[in-house]
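In this text, all values refer to a predicted model and were calculated from it rather than measured experimentally.
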Amino acid sequence: MSAPVQPPEARVETAHPEAAGYRAGRTLPLRVEAMRQLRRRRTLLMGGVLAALPFILIIAFAIGGTPDGEGGGGGRGGGSRINLMDVATESAANFAATSLFVSAGFLLVIPVALFCGDTVASEASWSSLRYLLAAPVPRVRLLWSKLVVALGFSLAAMVLLPVVALAAGTAAYGWGPLKLPTGGALSAGDTVPRLAIVVAFIFVSQLVTAGLAFWLSTKTDAPLGAVGGAVFLTIVGNVLDAVTALGSWRDFLPAHWQFAWADALQPQLEWGGMIKGAAVSVTYALILFALAFRGFSRKDIVS
């Protein structure tokens, strides 16, 4: 009696481990995936938008005059409320901090959702996902490579904005200490490390959006659905955080801590709010990443 015939995909994913020269860890190298994603139009477009934002702000300040904002933005989740707009043109450091302030709530959500939500779903929409697995690339290796590259591009997007803002701000407003709207200033030597802490916290706080987008990307063949779904759920979180009637329940919302990085722009660096916010974000992100890997390992790939 002849052995039962396995489906093509089953043969591909189970029969290759003994093949000469085959190493699962060498399939879909990170540099190959990174170059594939770097050449995509959406990557270049997003990089151009983030690089252009500081120049748009400089033009807006030149037309509108000295910034004079009302209300605050930082310090949610433990930090004091500050308004960086009041001191945006005092120095390059102030301008870079302001650029992060105006973009952290929504603009920086988009590249994270785009890079993490488009990565797997786009392969499915192009009907190339099954061919990657037939290469053969193990499913865990495929997801791991795509996730690492997507997070790397997300971090690069967050670094690009303040770097360009520092360069443009130096040309427009000069280099100097970071003046605080609450009084006092951070020396020029402390400015870059403090801004690095801000960027690091924003990245960690956006891991929830990354987890949502990546999980949705493994569940659908429509990249726009994964990206849009992650952005929508992030907005829902922001709306819920605005409902003060929820009281202490808001402490479990990642959005509640998204501006805790304002504690890094105080004369005395405070870690409490950022540590709590990072813990909440990482917890949600790990759960979502685990769901993505578990679901994809059992998914019937037909596209």
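The CG atom of L147 sits 11.0 Å away from the CD atom of E33 when rounded to the nearest 0.5 Å. Remark: L233 CG to N238 CG distance equals 11.5 Å, nearest 0.5 Å. Of the inter-residue distances, the one linking L151 atom CG with Q206 atom CD reads 11.5 Å to the nearest 0.5 angstrom. Atom CG in L207 sits 6.0 Å away from atom CZ in F289 (nearest 0.5 Å). Here the CD1 atom belonging to I197 is positioned 11.0 Å from the CG atom belonging to D263, to the nearest 0.5 angstrom. Atom OG of S154 is separated from atom CD1 of I202 by 13.0 Å, given to the nearest 0.5 angstrom.
A continuous path of ILVMFWY side-chain contacts below 4.5 Å connects F55 to L50, so both sit in one hydrophobic cluster. Hydrophobic cluster membership differs between M158 and L45, with clusters built from Ile, Leu, Val, Met, Phe, Trp and Tyr side chains linked at under 4.5 angstrom. Linking Ile, Leu, Val, Met, Phe, Trp and Tyr whenever their side-chain heavy atoms come within less than 4.5 Å leaves V49 and L53 in two separate clusters. Using a 4.5 Å cut-off between side-chain heavy atoms of Ile, Leu, Val, Met, Phe, Trp and Tyr, with links allowed through other members, F101 and I56 fall into different hydrophobic clusters. Clustering ILVMFWY residues whenever any of their side-chain heavy atoms sit less than 4.5 angstrom apart, transitively, puts W271 in the very cluster that holds L180.
In L224, the CG atom is not crowded: 12 or fewer heavy atoms of neighbouring residues, nucleotides or ligands sit closer than 6.0 Å. Atom CZ of R294 is surrounded by 12 or fewer heavy atoms from other residues, nucleotides or ligands within 6.0 Å.
Annotation: side chain of V199 is not in contact with side chain of W261 (no heavy-atom distance under 4.5 Å). When side chains are defined from C-beta on, V112 does not count as touching L108, because their heavy atoms never get closer than 4.5 Å. In this structure the side chain of M274 reaches within 4.5 angstrom of the side chain of L269, judged on heavy atoms. Looking at P54 and F95, their side chains come closer than 4.5 Å, going by heavy atoms from C-beta outward. At least one side-chain heavy atom of R36 sits less than 4.5 Å from a side-chain heavy atom of K146.
Minimum interatomic distance between L166 and W175 (heavy atoms only, all atoms of both residues): CD2-CZ3, 3.8 Å. A pairwise comparison of heavy atoms in S217 and D118 identifies OG-C, 4.3 Å as the closest pair. Nearest heavy atom pair, residue A113 against residue V231, reads CB-CG2, 3.7 Å. The two residues G117 and A226 make their nearest non-hydrogen contact at O-CB, 3.4 Å. Looking at every heavy atom in both residues, Y173 comes nearest to A92 through CB-N, 4.5 Å. Of all the heavy atoms in A93 and L195, the pair that sits closest is O-CD1, 4.5 Å.
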Q) Should T98 and E90 be marked as a side chain to side chain contact (heavy atoms under 4.5 Å, CB included) after you check the CA-CA gap, both sets of side-chain angles, and the distance that decides it? A) CA-CA 11 Å; T98 302; E90 294 291 334; over 6 Å; no
Q: Go through H256 and W249 one step at a time and tell me if the side chain to side chain contact (heavy atoms under 4.5 Å, CB included) criterion holds.
A: CA-CA 10 Å; H256 185 65; W249 285 103; over 6 Å; no
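Side-chain contact annotation: D251 with S248, donor-acceptor N/O pair under 3.5 Å absent.
Side-chain atoms of T43 come within 3.5 Å of backbone atoms of Q37 as a donor-acceptor pair (strictly under, hydrogens ignored). With S91 contributing its side chain and P177 its backbone, the two residues share a donor-acceptor pair below 3.5 Å. Under the 3.5 Å distance criterion, the side-chain polar atoms of T119 are left unmatched by any main-chain donor or acceptor of C116. Remark: the backbone N or O of A255 is not paired with any side-chain donor or acceptor of R250 at under 3.5 angstrom. Here the side chain of S281 pairs no donor or acceptor atom with the backbone of A278 at under 3.5 angstrom.
Under the rule for a ring-ring contact (aromatic ring centres under 6.0 Å, His included), Y284 has no partner lying at least two apart in sequence or in another chain. The ring-ring contact (aromatic ring centres under 6.0 Å, His included) check on F201 picks up nothing, with sequence neighbours excluded. With sequence neighbours excluded, the residues satisfying ring-ring contact (aromatic ring centres under 6.0 Å, His included) with F115 are F153.
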